[in-house]
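One structure is given below, encoded as structure tokens.
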Amino acid sequence: MNVLVTGAAGFIGYHLSKELLRKNHSVLGFDNLNNYYDRNLKIDRLEDLKNFSGDTKNFKFMEGDIADEESLKAAFQKNKPQILYNLAAQAGVRYSLENPMAYIQSNIVGFTNILELSRKYSIDHLIYASSSSVYGGNKKLPFQESQGVDHPISIYAASKRS
């Protein structure tokens with residue numbers, strides 16, 4: 001099965017990609033490799049995935065940003081994925097106070113690109129990683145999917161909610 005994993009160099013994306021490779025899926029990792037987290041760590045993870053897939057070469061990587069429709073479109077065209085795991089996002093609540101536009105671009109524009117290209121390329125399954133931050137000031141723990149999410153307390157939460 002062809003799988004596209006956005007945010008493949010992140011912690012969750014890396015481990016998900018490794019598990020998909022264990023199950024012999026063909027994985028195209030897509031990540032902008034920004035420096036919010038240590039870029040060298042991301043590069044090391046991608047090298048590990050390339051080595052992990054060994055002779056099968058089931059792992060390929062494309063550097064790109066989900067907010068850039070053309071680079072994302074190239075990933076769809078290259079891999080022809082049946083399943084898409086969208087783990088790409090601008091992370092971090094505090095940083096959203098300093099650079100709110102990064103969140104609008106990645107978490108809203110980028111996710112809209114994901115949705116539109118998934119529709120255009122008839123993706124069978126789209127799995128989206130949200131964030132517990134969408135629950136905002138909810139006091140009832142543990143959070144439940146049935147709870148309201150209409151009161152975000154950060155730009156990050158609002159962008160993930162959107």
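Considering all non-hydrogen atoms of both residues, A129 and L87 come closest at CB-CD2, 3.4 Å. Counting all heavy atoms, side chain and backbone alike, V93 lies closest to S133 at CG2-OG, 4.0 Å. For the pair A67 and V109, the tightest heavy-atom approach, listed with the atom from each and the gap, is O-CG1, 4.0 Å. Shown here for A8 and S17, the closest heavy-atom pair between the two residues is CB-OG, 4.1 Å. The shortest heavy-atom contact between D150 and R161 is OD1-NH2, 2.6 Å.
Taking the six-membered ring where the residue is Trp, the centroids of Y128 and F111 are separated by under 6.0 Å.
Evaluation of the salt bridge (charged side-chain N to carboxylate O under 4.0 Å, His left out) rule for K50 yields E47 as partners, not counting sequence neighbours. Partners of D48 by salt bridge (charged side-chain N to carboxylate O under 4.0 Å, His left out), not counting sequence neighbours, listed by chain and number: K18.
Residues N79 and S26 meet the side-chain proximity criterion, which asks for heavy atoms closer than 4.5 Å. In this structure the side chain of D31 never reaches within 4.5 angstrom of the side chain of T6, judged on heavy atoms. Inter-residue side-chain proximity for R119 and L117 is flagged as unmet; no heavy-atom pair is nearer than 4.5 Å. Under the 4.5 Å side-chain criterion, counting only non-hydrogen atoms from C-beta, K42 is in contact with N34. Using a 4.5 Å heavy-atom threshold, the side chains of P81 and I123 count as touching. Between F30 and F61 the shortest side-chain heavy-atom distance does not fall below 4.5 Å. Between V3 and L28, every side-chain heavy-atom pair lies at or beyond the 4.5 Å cut-off. Within the 4.5 Å cutoff, the side chain of S106 has heavy atoms near those of the I66 side chain.
Within a 6.0 Å radius of CD in Q144, other residues, nucleotides and ligands contribute more than 12 heavy atoms. Around CZ of F143, the count of heavy atoms belonging to other residues, nucleotides or ligands within 6.0 Å exceeds 12. Other residues, nucleotides and ligands contribute at most 12 non-hydrogen atoms within 6.0 Å of the CD1 atom of I153. Residue H15 places its NE2 atom among more than 12 non-hydrogen atoms of other residues, nucleotides or ligands, all under 6.0 Å distant. For CD1 of I12, the number of neighbouring non-hydrogen atoms (other residues, nucleotides, ligands) closer than 6.0 Å is 12 at most. For CZ of R94, the number of neighbouring non-hydrogen atoms (other residues, nucleotides, ligands) closer than 6.0 Å is 12 at most.
Ion pairing between a basic and an acidic side chain is recognised when a charged N comes within 4.0 Å of a carboxylate O; R39 and E63 show such pairing.
Taking NZ from K73 and CD from E70, the interatomic distance works out to 5.0 Å, rounded to the nearest 0.5 Å.
No path of Ile, Leu, Val, Met, Phe, Trp and Tyr side chains, each step under 4.5 Å between heavy atoms, connects L115 with I127, placing them in separate hydrophobic clusters.
Taking the six-membered ring where the residue is Trp, Y121 and F76 present tilted rings, their angle falling between 30° and 60°.
In terms of modelled atom types and a separation under 3.5 Å, the side chain of Y156 and the main chain of Y95 share no donor-acceptor contact.
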